[in-house]
Q: 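Just dropping this structure here.
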Amino acid sequence: MTRYAKVRFPSALPQLDKEFDYSIPDGLELEFGQLVNVPFGPKKDNKVGIVVELSSDSEFSSKASSIESISCSIPLLTKSQLDLAFAVAQRQAGSVGELLSQILPKRLKRAEAAYAARNETFSGLEAKPLIENELLSHKRVFASFDYKVEPNGYPAWAKEIALLGAWQLGRGQSTLIVAPDYRAVEALEVAIDALGFSNYSIRHESSDTGSVRYTNYLRALDEVAINYGVRSASFAPAKNLGLIVLIDDGDESHIEQSAPYWNSRDVLLQRQEIEKAAMLVTSYSPSADMVRLVELGYFKKAELVQAKPMTRVTDNHTRLDDESFGFISSCLRAGKPVLIQTATLGQATGVACRNCRELRECPECSGRIWIDASGKFRCRSCLFSGPIGACSCGGVDVSIIKLGSSGLAESLAKGFPEAQIVHSSGAEKITRVASGATLVIATNGAEPFVDGGYSCVLIADAYSMVAGSRLRSLEQSALRWANAASLVSQQGLVIFVGLTGLIADQAKQFDFYSMIQADYTDRVELGLPPAQRLLSISSTSQADLNDLTAETLNSDVANYLRKLPASGNQIAFTYPYAQGNQVATTLIELSMKISNKSKFRKPGQRLFRISMDDASVL
DNA sequence: AGCACGCCGACT
DNA sequence: GTCGGCGTGCTC
């Protein structure tokens, strides 16, 4: 009797996003997840597909061609990866095929031939991770670790997470750790190595060479191991997955920039359900999304933080007070390192009202305003350019001022000629600096590690970071502050410059959870993310966008959608979580229909950009 | 994506 | 009367 295989193609084309049936030639043994060459299209060219089902009959039996050959005998896709692709495609209104093309590794024949599975299994570990009981009893846990630096300069959380991985190995299970950036990946790697587990760990890192990446993918398919990497590792295979760890889930680097615009948190939450694993989300300051999940009771908040650094908050954002200046001075004189966190490096200038002296803000996004070479007002955060009108005090005259951070950094640098000045921004990839009388000026998220930690961490731009009026400004800022603060030494001091009111008090107590919780409560009242989800649709064709908007508002999901003010060729709606699947299904259907008959669709380019969770709109 | 099918204008 | 334009639609 003829047997059939259902095959999917790793392709972003929506028309190919379904299963195709092929008959299996006699004598050919197939397995789920194998790559096969199949004839496809009018010319019956060979195309590589993935076996996703084996069956004894097919409704296409008359049309079905026969599988040409096996392209890769190692099954490269697991059933849970396919389930995850389905779940994510459904949630994000995307296609399974485009996710498969993101998930599957680039094959390298030589690496494949050289690969040999190791049979060594790990046995026994006496490790007792901090959070073991919570994970065993609650399965899904949110926690912040101590603000503590190891003697080698790496943060203590990395060691705790490595310990969790080792503990899982002792139980015969894999761990998957997803970190926001290469800095965190390095900290994890060092911590895993220090425990003596590098042989049982697998790094999933896109900056590795192709053969290393592919070999690591193959290893992950059949070794129980500690898997770790950045965002893309969310889809990496993991044998017998017992624990998922997500670090800094609110960090923007966890958002995939290509369709279907998934983020690590959403993917891993679904993966946790599919693979029945435990899950730990950890960050010093929570995302509003995690606050929501804790309030829903879906996540359990574990109380772990015991060590908090000393803090000092100043309310003047234009200059540093004498006491803080004196403290930094004494640190540098004593040969101890100091970290200054700024929003931007270099000669940042701003525009202030000549009457009331307040900083002027962008009329579009409240970002920082500067004056370009042609004398026009421009915004540093958005594309705004043009007149900014009168100040809220009525004043129209402005003066150009040098802003706090760089001015501060500069004056500190001048004040301490003996200090070595190190600049670190995202572009420079400095992960470590030497201890000593070093003044490190780093942009958000680019703070290097230093042996023993910094004696002083100065959050120089707290004022302007909080002043941003984007929905996620406070969340993003608090995460940056908390992460910088976590690099301070035991007797060190954290100084927040220019904070006032409740936020100043919460920062002083390192109570970022309450800070974000209050922020989240406001958003619940306003029905804004993450209390509701936010959908955005844009298109190169305004006419087709109008069509899709009209048809969507005519469909059965219209009642769940609340339209937000449109900006340019983008429309946005908020909608409840419960109707997410329905909204996604409707959008896939309607966008396909309109796209198919559109005169404006360009080959190889999709007509609509649909994001089911767009963080950039508000 | 390819590629064929199909229905309208300028050519031996 | 045919060659070929690329709009429309399918690929198991």
Side-chain angles (χ1 to χ4, degrees), chain A residues 1-73 75-77 79 82-83 85-86 89 92-107 256-261 539-548 551 585 587-610:
Chain A
M1 196 178 74
T2 324
R3 289 184 54 79
Y4 297 89
K6 291 187 189 297
V7 166
R8 270 193 180 264
F9 298 110
S11 155
L13 292 170
Q15 306 95 305
L16 298 186
D17 196 41
K18 52 179 179 164
E19 282 151 13
F20 291 86
D21 292 9
Y22 288 90
S23 62
I24 304 174
D26 287 344
L28 190 69
E29 286 301 318
L30 283 183
E31 273 182 68
F32 178 97
Q34 279 177 327
L35 301 188
V36 286
N37 297 312
V38 293
F40 189 80
K43 261 184 61 184
K44 302 287 172 199
D45 289 334
N46 268 357
K47 194 174 169 71
V48 174
I50 310 160
V51 176
V52 294
E53 202 182 312
L54 298 164
S55 125
S56 54
D57 53 29
S58 161
E59 51 178 314
F60 290 95
S61 52
S62 55
K63 276 183 166 182
S65 332
S66 179
I67 286 185
E68 175 70 29
S69 59
I70 292 176
S71 168
C72 178
S73 58
L76 289 181
L77 188 80
K79 181 67 168 68
L82 181 67
D83 291 346
F86 267 94
Q92 302 302 119
S95 71
V96 175
E98 68 193 344
L99 285 167
L100 292 179
S101 71
Q102 292 173 26
I103 294 171
L104 284 178
K106 193 168 178 282
R107 280 184 67 201
E256 172 65 34
Q257 294 301 309
S258 58
Y261 312 104
S539 174
T540 46
S541 153
Q542 188 68 52
D544 289 318
L545 183 62
N546 293 345
D547 260 16
L548 182 56
E551 293 224 23
T585 305
L587 280 172
I588 291 172
E589 197 182 299
L590 293 178
S591 65
M592 281 258 285
K593 192 179 98 184
I594 293 169
S595 185
N596 279 340
K597 63 173 193 194
S598 169
K599 289 191 283 289
F600 301 100
R601 119 187 112 163
K602 296 191 187 97
Q605 209 190 315
R606 54 190 103 206
L607 187 62
F608 297 110
R609 178 199 184 278
I610 299 176

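Below, read A as the first sequence line, B as the second, and so on, with proteins coming before strands; counting in each chain starts at 1.
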Q: What is the separation between atom OH on Tyr4(A) and atom C1' on dC12(C), rounded to the nearest whole Å?
A: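 Computing the Tyr4(A):OH to dC12(C):C1' distance gives 11 Å.
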
Q: Mind running a 4.0 Å heavy-atom check of residues 54-68 of chain A against DNA chain C and sending the residues that fall below it, in number order?
A: Phe60(A), Lys63(A), Ala64(A), Ser65(A)

Q: Using distance only, find each side-chain donor-acceptor pair of residues 19-36 of chain A under 3.5 Å and give its atom names and separation, not counting sequence neighbours.
A:
residue  : atom : partner  : partner atom : Å
Asp21(A) : OD1  : Lys6(A)  : NZ           : 3.3
Asp21(A) : OD2  : Lys6(A)  : NZ           : 3.2
Asp21(A) : OD2  : Ser58(A) : OG           : 2.6
Tyr22(A) : OH   : Pro39(A) : O            : 2.8
Ser23(A) : OG   : Ser65(A) : O            : 3.3
Gln34(A) : OE1  : Glu31(A) : N            : 2.7
Gln34(A) : NE2  : Ser73(A) : O            : 2.8

Q: Using a cut-off of strictly less than 4.0 Å between a heavy atom of the residue and any atom of DNA chain B, enumerate the qualifying residues of residues 24-35 of chain A by number.
A: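 The answer is none.
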
Q: For the residue pair Leu587(A) and Phe608(A), establish whether any side-chain heavy-atom pair is separated by less than 4.5 Å.
A: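 A side-chain contact is absent here, since even the closest heavy-atom pair is not under 4.5 Å.
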
Q: In this structure, how many angstroms lie between the C1' atom of dG9(C) and the CG atom of Leu13(A), rounded?
A: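 My rounded result for the distance is 14 Å.
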
Q: Please list, one pair per line, the donor and acceptor atoms closer than 3.5 Å that link side chains of residues 43-57 of chain A to other protein atoms, with sequence neighbours excluded.
A:
residue  : atom : partner  : partner atom : Å
Ser55(A) : OG   : Asp57(A) : N            : 3.2
Ser55(A) : OG   : Asp57(A) : O            : 2.6

Q: I'd like a table of atom pairs between the protein and nucleotides 2-4 of chain B - only N or O on both sides, under 3.5 Å - with the distance next to each one.
A:
residue : atom : partner  : partner atom : Å
dC3(B)  : OP1  : Lys43(A) : NZ           : 3.1

Q: I'd like to check the side chain to side chain contact (heavy atoms under 4.5 Å, CB included) partners of Ser62(A); sequence neighbours left out, ordered by chain and number.
A: none

Q: Any donor and acceptor pair, going by atom type alone, linking the side chain of Ser539(A) with main-chain N or O of Leu607(A) inside 3.5 Å?
A: yes

Q: In this structure, how many angstroms lie between the C1' atom of dC12(C) and the NZ atom of Lys18(A), rounded?
A: 8 Å

Q: Atom OG in Ser101(A), atom CG in Leu13(A): separation rounded to 0.5 Å?
A: 10.0 Å

Q: Take atom CZ of Phe20(A) and atom C1' of dA1(B), then tell me their distance rounded to the nearest Å.
A: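 My rounded result for the distance is 12 Å.
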
Q: For Gln542(A), give me all partners under side chain to side chain contact (heavy atoms under 4.5 Å, CB included), at least two apart in sequence or on another chain.
A: Leu545(A), Asn546(A), Asn569(A)

Q: With sequence neighbours excluded, tell me which residues meet side chain to side chain donor-acceptor pair (under 3.5 Å) with Glu551(A).
A: Lys593(A)

Q: Name the atoms and distances for all side-chain donor-acceptor pairs under 3.5 Å in residues 92-100 of chain A, with sequence neighbours left out.
A:
residue  : atom : partner   : partner atom : Å
Gln92(A) : NE2  : Pro260(A) : O            : 3.4
Gln92(A) : NE2  : Tyr261(A) : O            : 3.3
Ser95(A) : OG   : Glu98(A)  : N            : 3.2
Glu98(A) : OE1  : Arg606(A) : NH1          : 3.0
Glu98(A) : OE1  : Arg606(A) : NH2          : 3.3
Glu98(A) : OE2  : Ser95(A)  : N            : 2.8

Q: For Ser598(A) and Asp544(A), does a side-chain donor sit closer than 3.5 Å to a side-chain acceptor?
A: yes

Q: Expressed as a whole number of angstroms, how long is the span from Asp17(A):CG to dA1(B):P?
A: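 Taking atom P of dA1(B) as the reference, CG of Asp17(A) is at 14 Å.
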
Q: Please list, chain by chain and in numerical order, all residues satisfying salt bridge (Lys or Arg N to Asp or Glu O under 4.0 Å) with Asp17(A), sequence neighbours excluded.
A: Arg8(A)

Q: To the nearest angstrom, how far is Lys47(A) atom NZ from dC10(C) atom P?
A: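 Interatomic distance, NZ of Lys47(A) to P of dC10(C): 17 Å.
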
Q: Give each protein N/O atom lying under 3.5 Å from an N/O atom of nucleotides 6-8 of chain C, with the pair distance.
A:
none

Q: If you look at every strand shown and take non-hydrogen atoms under 4.0 Å, does Tyr22(A) touch a base, only sugar-phosphate, or nothing?
A: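 Since only primed, P, OP1 and OP2 atoms lie under 4.0 Å of Tyr22(A), the category is sugar-phosphate.
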
Q: Look at all strands and tell whether Lys6(A) reaches a base, only sugar-phosphate, or nothing, counting heavy atoms closer than 4.0 Å.
A: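 Here Lys6(A) touches no strand at all.
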
Q: For the residue pair Gln102(A) and Ala259(A), what are the closest heavy atoms and their distance?
A: NE2-O, 2.8 Å

Q: Quick one: list whatever passes side chain to side chain donor-acceptor pair (under 3.5 Å) with Ser11(A), sequence neighbours left out.
A: none

